[in-house]
2 protein chains.
Amino acid sequence: MTDPSAPDPGEADPGVLAEGVSAVLRHLVLLLRRTTAGQPVTSQQYAVLGSLEQGPRRMTELAEEHAVQLPTMTVQINRLEDAGLVARGADPADARVRTVELTGEGRARLLAVRRARIARLGQDLEALTERERETLAAALPVLAKLGRT
Amino acid sequence: MTDPSAPDPGEADPGVLAEGVSAVLRHLVLLLRRTTAGQPVTSQQYAVLGSLEQGPRRMTELAEEHAVQLPTMTVQINRLEDAGLVARGADPADARVRTVELTGEGRARLLAVRRARIARLGQDLEALTERERETLAAALPVLAKLGRT
DNA sequence: CAGCTAAGTTAGTTGGGCTAAGTATGACCG
DNA sequence: CGGTCATACTTAGCCCAACTAACTTAGCTG
C-alpha cells in the first residue's frame, strides 16, 4: 500500500505505468522535502537564484519560468532582496521593467547550497549499483520530456 | 541553462548523474505544480487521503508517513474533517490516540482525483515511444530506492 | 499517588501560492 | 499631440502548509 518500492516494471502500458510513475513521484516529493528542510534557503528561493546564475532577468521571465504569477515572484524577490542575495535594477530601454540579478553573496549562497544538494544526492546515488545508475541515467531524458506537451 | 531536456546520459558517474537528477527533479516539481493546481483537493490532502485508503490510521502514523510534525497533520485533518472527507475516531485500547478514517465521500473524492491524475499522466506517457516507456518503467524501481538510506 | 512520558491540540509565525486592484510607462491612433 | 489601451510591476488581502512552543489529557511506573 502506498509503497512505491515494487512498481512491477516490464509492463509498458501507459495506464499501468502511470500508476507506478504517480507512486514514485510521491516518493520523490517526500524525499525532496526531507532533504531541503532546514537549508539556508528554501527550495523555491534556491530555484530562483538558479535562474539568475547566467545574468539579470526580468520579473515576467522569472515568473513564467517558475510557473507562478507575477505577484508571487514579486514577494519572492522582495524576500531575497531583503536577505541581500539579489538586487533589483532597471532596463534602460523600458522604464516599466525591473531586472533582478545575483549579488556576490547571492552567488556564493547559490553555489554553497548547490554543492550541498549535489553531495547529498551523490551519496544516495553511490549506494546504487553501476547497472542501476545506468538505468537511471537512461531514463532522465525521458523524464525531462514529460509534460512538455 | 536550467533546462533539463539534455542531461547527457551515458555517464553513470555519481557526481555527474546527481546534477542531471537534480535538474530533472526540478522539472518534475514544476510539472506536478501545474497539474495539481486548481484540483478539488490540494496535493497534500490527496496524499493524506491516500494513506487512509486501507483503513483507519492514527495521527502519529500519518505525520510520520508524510514527514511532517504532528501539529501540521492536526490542521490538515481538521480541514479534511470540515470538508466531510474524513472522520476522527478513538482507540478503545488507549484514550490518548485519535484515529482517522475516510468517509464515503472521502473515498469517492480520493478515487475521482486519482482517476484524473492517472489519466493526465497517462496522456503524457502515451506521447512517448514504446521504447521510452520501457526505459522509464525500468527506472522506477531505482527511483523508488533513492533516499531509502 | 507523584511524577514522568506519550498523543494530540492550540496558538502564533513564516513561506508560498492565488486574485483583484492600483500605478506608471509605453504604444498606438485619430 | 492628446486620449486610450496595453504592459510590467507592486500592493493588499486571502488561503494552504510547514514550523516551534506551550497546553491538555491519558498512560505508566516507582
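We name chains A, B, ... by the order of the sequence lines, and we start the count at 1 in each one. These numbers were taken from a predicted model, which means no experiment stands behind them. Note that these values count all heavy atoms, side chains included, but never hydrogens, waters or copies made by symmetry.
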- Nucleic acid contacts of residues 108-116 of chain A, taken as heavy-atom distances under 4.0 Å to DNA chain D: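 DNA chain D contact set from residues 108-116 of chain A: none.
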Using side chain to side chain donor-acceptor pair (under 3.5 Å) as the criterion, list what pairs up with [X], not counting sequence neighbours.
X       : value
R114(A) : E53(A)
Q39(B)  : none
R96(A)  : D94(A)

- Task: Find out whether L31(B) and L25(A) are in side-chain contact, i.e. whether some heavy atom of one side chain is under 4.5 Å from a heavy atom of the other.
- Result: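 With C-beta onward as the side chain, the pair stays apart.
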- Message: Using heavy-atom distances to pick each residue's nearest nucleotide on DNA chain C, tell me which of A93(A) and S43(A) is more 5'.
- Response: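 Result of the comparison: S43(A).
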- Item | Nearest-angstrom distance from the residue atom CG of L80(B) to C1' of dA17(D) |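 After rounding, the gap between these two atoms is 12 Å.
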- Query: Tell me the side-chain hydrogen bond (donor to acceptor under 3.5 Å, both in side chains) pairs involving residues 70-89 of chain B, sequence neighbours left out?
  - Reply: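 Those involving residues 70-89 of chain B are N78(B)-R88(B), E81(B)-R88(B).
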List in chain and number order the residues that pass side chain to side chain contact (heavy atoms under 4.5 Å, CB included) with [X], two or more places apart in sequence or in another chain; answer none if no residue qualifies.
X       : answer
V29(B)  : L32(A)
E126(A) : P14(B)
S22(B)  : I118(A), L121(A)

- Co-members of L102(B) in a cluster of I, L, V, M, F, W and Y side chains, linked at under 4.5 Å: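 Hydrophobic cluster check, L102(B): joined to V41(B), Y46(B), V48(B), L49(B), L52(B), M59(B), L62(B), V68(B), L70(B), M73(B), I77(B), L80(B), L85(B), V86(B), V100(B), L110(B), V113(B).
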- Any chance you could pull the hydrophobic cluster mates of V97(B), using side-chain heavy atoms under 4.5 angstrom and chaining through other members?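 V97(B) clusters with nothing; isolated.
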- Could you encode protein contacts along nucleotides 9-16 of chain D as a string, one character per nucleotide from 5' to 3', using B for base contact, S for sugar-phosphate-only contact and - for no contact, with a heavy-atom cut-off of under 4.0 Å? BBB----S
- Heavy-atom contact window of chain A on DNA chain C, given 5' to 3' at under 4.0 Å: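 The protein-touched segment is dG15(C) to dG26(C).
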